[in-house]
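Have a look at the structure below before the remarks.
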Amino acid sequence: MSAPLTSLDRPNSYIGRSVPRPNAKRLLAGRGRYISDLRLPRMLYAAFLRSPHAHAKIVSINTDEARALEGVHLVAIGADLAKICAPWTGTLDHFKGMTSAPQLPLPLDRVVWAGQAVVAVVAESRAIAEDALELIEVDYEDLLAVVDIDSARDAGGPVINPGSANNTCFRAQLDNGTVDDAFAHAAHVVEEEFSFGRHTAVTLEPRAIVADYDPAAGALTVHHATQTPYQFQDLYSRHYGIPEARVRVIATDIGGSFGMKLHVYHEDMAVVGLSILLGRPVKYVADRIESFVSDIHARDHRVRARMALDAKGEILAMDVLDLTAIGAFSTYPRTSVVEGNQVIRLMGAPYRFKNYRASLEVIFQNKVQTSQYRAVGHPIACAVTERLVDMAAAKVGLDPFAIRAQNFIADDAYPQTSPTGYRFEALSHQASLKRLHELMNYDGLRAEQADLRKRGVYRGIGIAAFVEITNPSPAFYGVGGARISSQDGAILSLTPSGEVRCLISVTEQGQGTEAIINQIVADQLGLGQEHVKVITGDTEVTPHGGATWACRGAGIGGETALQATRLLKRNILEIAALILQEQPSALDIIDGELVDAGTRNQRMPISEIARIAYFRSDTLPPGTQAQLTVSHHFAPQGYPFAFTNGIQGCSLEVDVETGFIKMLKHFIVEDCGRVINPMLVDEQLRGGIVQGLGAALFEECRYSETGQLVNGSLADYLVPMPTEMPDIVIAHVETPTADTVLGAKGVGEAGTAAASACVLNAVNDAIAPFDATINSIPITPVKVLKALKRF
Amino acid sequence: MSGFDETLLDDADETVRVRFIVNGRKVACEVAPRETLVDCLRNTLELTGTHAGCEMGACGACLVQLDGRAVHSCLMFAVQADGAAINTIEGLTESGVIADLQAEFHRRNALQCGFCTPGMLVNAHELLLQVAQPSREEIRDALSGNYCRCTGYEAIVDAIDAVAKARSEGGGAT
Ligand code: FES
Ligand code: FES
């Protein structure tokens, strides 16, 4: 069945074509419908008083004056919401032994990070609500705060969760092969300690939610800027005891998410409770400072790793210790240990070696929670692995391309199981490496670098290979007891006028989900793209599914749409065959017309089939019931994940006087299987790379010794802006997965996965003449100057 | 009578009447002195195409055209804009002056979530009014205060570049 998926010359062959997104025109005209734009009749506004302390006891709260303020409708503290909201715990069963304290929308007696919401005010405007916050008095008793990895692990130091023996959330160990033996007999060993700062998603639209509880109907509607409406429907239902069918979650346009908006936030849960208490719609939009102190952060890892090689530069073993500090709780419902788990399992993924040992320690501290953000764990595993490979290359005397060519698992050697426990169906590291070499004109760059060095200009060239996890099966969350679906559902109808409407569970955050579903449906049915309408993001309308995260939209959602369309087409052809007195197999659909399959001669428009079926069923043979709506679900089977791979390269210049790094050009060769829309794939890669470059060079949530976030604004927290970012050159290798007809895998995280590794290698390459090295991300000018001993 | 305490209303009542020409039409509204222009546009005038991303002049999401120049509507109180002529993304769309930019952004997918897009378009429009043939560096420079988390910027630069070329060839991009 793969032939029809690639031929671009027949009509309606949209799979593989760069068509613009139909839904983007609204956004260009300023007609987006973001939750932050929403205003409902009788709507009230919530604001939160936040803890100034990283760790403190709440002694007393006085809200009398705030309650008395004109325009204030409700002031709620922890106990008020605890009466109606069941607590949640961010653990999953398959992470054996993990712990986390129960959480409530607002704390009862203790605050555990600076910025935690403590009191909620609901008023007629946000301004009044904020005025009221200033009238609230909270008496705290300061407790010792745990703000770094070392003090969190100190035996006898402060413990964040009362009743726990220590600050450990989770530990895991992997041990395969004979690691000690491999190191004992290695010709070369390279070893380094790496640190990865905290950064955060900084979506341009902050988190936004409008909860609307109707006490008369006992029904809750939540307009929620999220990737995962079904997950939240389930959570709001269970934690507030409202039957699932009476909870509706609507996710309209969303100003960016990248994983950040699929977690449970205390404020969001509180807003639902506030609406229930008031029986009126309540809106909350985080402002930028609130985003910085309450959105999940990501990374915050310290990794010690070593690699053993033989005399020829063959990788023999890796040994890894990952310490990661996650905040005072593990995030719900996806936990905060997935990143660490993926770090230790993605290590060394492109390479052929058998001996691997890793320990992971996930630690609590008094900061906001970390959790899944774009490319979960990948940038860390990739940077550690790829930097060690470069260090090894230097030691053995090999070029970075040569050592990789020598050690990659051969493209024809798949399937493979990694020593970390992942099963890879088919990857293309060798082909990608070759392609990158030409794409970046590697030899030319090296020659230029050598020339410039003579003139005191220090350019660096870096490459980094990666493996990305996409299309997750229930092995990801389902097996751990999370009610997070790995299947998707679609409902497809031929409308009375012969158009197609597709309701599907995957969601849109601007990556083009609706566009690619539209392409798949139009392609598979044989219809002009403009006659297909795709609807997403409303639990009352679209069938239950996983929605969009972990790069599953194209692979799983796309396959769901493909299979559903084929069912609808079969049904249309059956009715058409009855009307035209033919065998269904003798007919086909092209451009909305029924044609003879052999000659392509037009017989009748499908709108005519629809007209007859809907309005003149009396003319159909007795016993015929036309089924012009189909519903279909698809869950991935076969491999637990569809892994993708690729390699990035970059060229940059380090100013050794100032420590500034100028990105000159970035390159990526990527293999995400079947490409449905090349333009959208490329834009995912570019956007992902720039997020990765932000992490590599600028982005870090900095904390004071007392656990205060000191750079919580867009003036102080540096994000990548247009002037600093390079142009990005892209090439593809296509290795479709055989697990689906469509053959697509994910691509959303590939850019972010390796960008920081690539920059790390390039900066180290640039400063190599000074015998200086850097092992810490972000690579700020200060770190560069320190490495050069000039600061 | 209700025994209503008049002083309760003193503070809540303090508003100022401002008048602007917004998207070619005269409007008058009552605003609180502390209300920013972006809040007034979005809430009072329901022009939600203008966005707020940082409320401190760092992200460019709130750019509008005010008396012909691109201005951060988050950095201005509504009362300061009294008497000004303001064009928002809605007005610029309706008048067709940025139709070629919009078409080129669409064709090249120079937007994902679209939250930065109105500000990008307002800024791109201003740039092309001032510099007919900006280089790619000049385009990147002009956008240096427009944050986009989704696109990686290149397609935006490409789109503006293409429109500049098309405009100076006299044809327009659409
Ligand atoms: S909201 Fe005005 S610049 Fe960010
Ligand atoms: S398109 Fe999302 S912020 Fe620019």
Side-chain angles (χ1 to χ4, degrees), chain A residues 18 20-21 24-34 36-39 70-71 125 127-128 201-206 253-258 285 287-288 509-512 679-680 682-691 693-694 713-715 719-728 751, chain B residues 8-9 11-12 32 34-35 39 42-43 46-59 61 88-90 92-94 101-103 105-118 121 136-137 139-157:
Chain A
S18 288
R21 289 154 50 206
K25 282 192 176 163
R26 286 189 299 111
L27 307 177
L28 281 157
R31 290 175 174 266
R33 283 173 291 110
Y34 302 93
S36 49
D37 300 336
L38 185 68
R39 194 147 48 140
E70 182 79 20
S125 71
I128 296 173
V202 202
T203 57
L204 189 51
E205 183 190 35
D253 295 327
I254 175 169
S257 184
F258 315 110
V285 180
D287 67 26
R288 186 53 61 193
Q509 292 85 44
Q511 67 278 71
M679 175 170 70
L680 297 186
D682 288 359
E683 289 310 304
Q684 276 302 296
L685 292 173
R686 289 204 169 89
I689 286 169
V690 167
Q691 275 184 27
L693 294 178
S713 84
L714 267 183
V719 287
M721 298 299 280
T723 9
E724 296 122 16
M725 289 298 110
D727 284 344
I728 297 163
Chain B
L8 274 178
L9 285 179
D11 291 345
R34 66 178 173 182
E35 192 172 339
D39 284 346
R42 287 178 49 79
N43 301 336
E46 298 186 336
L47 293 165
T48 51
T50 301
H51 297 149
C54 68
E55 295 172 279
M56 63 181 302
C59 77
T88 66
I89 184 69
E90 289 88 348
L92 295 172
T93 301
E94 271 164 38
L101 277 167
Q102 288 166 315
F105 268 58
H106 186 237
R107 205 170 73 73
R108 293 174 183 268
N109 203 50
L111 71 159
Q112 290 182 28
C113 79
F115 207 75
C116 68
T117 311
L121 288 168
R136 288 179 71 83
E137 278 76 327
I139 296 172
R140 283 194 182 267
D141 231 40
L143 299 178
S144 66
N146 284 81
Y147 172 54
C148 172
R149 191 48 141 179
C150 305
T151 63
Y153 302 109
E154 190 170 335
I156 297 174
V157 176

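Every chain is numbered from 1 and lettered A, B, ... according to where its sequence line falls, protein lines coming before strand lines. Values in this document were obtained by computation on a predicted structure and should not be read as measured data.
A pairwise comparison of heavy atoms in Phe115(B) and Tyr34(A) identifies N-OH, 3.4 Å as the closest pair. Between Leu714(A) and Ala58(B), the shortest heavy-atom contact is CB-CB, 3.9 Å. Between Leu28(A) and Ile89(B), the closest heavy-atom pair is O-CD1, 3.6 Å.
Within the 4.5 angstrom heavy-atom criterion, no atom of Ser257(A) approaches chain B. Proximity to chain B (any heavy atom under 4.5 Å) is shown, for Pro720(A), by both the backbone and the side chain. Contacts of Asp39(B) with chain A are absent, with no heavy-atom separation under 4.5 Å from either backbone or side chain. Contact annotation for Ala110(B): neither backbone nor side-chain heavy atoms come within less than 4.5 Å of a heavy atom of chain A. Interface residue Glu683(A): backbone and side-chain heavy atoms are both found under 4.5 Å from chain B. Both the backbone and the side chain of Ser144(B) come within contact range of chain A, judged by heavy atoms closer than 4.5 Å. For a residue to count as touching a neighbouring chain, one of its non-hydrogen atoms must lie under 4.5 Å from one of that chain's; by this rule Asp727(A) touches chain B with backbone and side chain alike. For chain B, the nearby part of Ala201(A) is the backbone; its heavy atoms alone come within less than 4.5 Å. Looking at Ile689(A), neither its backbone nor its side chain comes within 4.5 Å of chain B, counting heavy atoms on both sides. Residue contact with chain B, scored on non-hydrogen atoms closer than 4.5 Å, is absent for Glu724(A). Proximity to chain A (any heavy atom under 4.5 Å) is shown, for Thr48(B), by both the backbone and the side chain. Residue contact with chain A, scored on non-hydrogen atoms closer than 4.5 Å, involves the side chain of Leu121(B) exclusively. Contact annotation for Arg108(B): only backbone heavy atoms (N, CA, C, O) come within less than 4.5 Å of a heavy atom of chain A.
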Exercise. Given Arg149(B) and Gln691(A), is the side-chain contact (heavy atoms from CB on, under 4.5 Å) satisfied, shown in steps?
Worked result: CA-CA 7 Å; Arg149(B) 191 48 141 179; Gln691(A) 275 184 27; 3.5 Å; yes
Problem set entry | CA sep, side-chain torsions, deciding dist, call: Lys25(A), Gln102(B), side-chain contact (heavy atoms from CB on, under 4.5 Å) | CA-CA 8 Å; Lys25(A) 282 192 176 163; Gln102(B) 288 166 315; over 6 Å; no
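Within the 3.5 Å criterion, the main-chain N or O of Ile728(A) finds a donor-acceptor partner in the side chain of Glu154(B). Under a 3.5 Å cut-off, the side chain of Glu205(A) and the backbone N or O of His51(B) do not form any donor-acceptor pair. No side-chain donor-acceptor contact under 3.5 Å links Arg686(A) to the backbone of Tyr153(B). Remark: the backbone N or O of Arg21(A) is paired with a side-chain donor or acceptor of His106(B) at under 3.5 angstrom.
Applying the side-chain contact (heavy atoms from CB on, under 4.5 Å) criterion to Asp141(B), with sequence neighbours excluded, gives Thr723(A).
By the 4.5 Å heavy-atom criterion applied to side chains, Arg288(A) and Glu55(B) are not counted as neighbours.
Ranked by heavy-atom pairs under 4.5 Å with chain B, the first of Gln509(A), Arg33(A), Gln511(A), Met679(A) is Met679(A).
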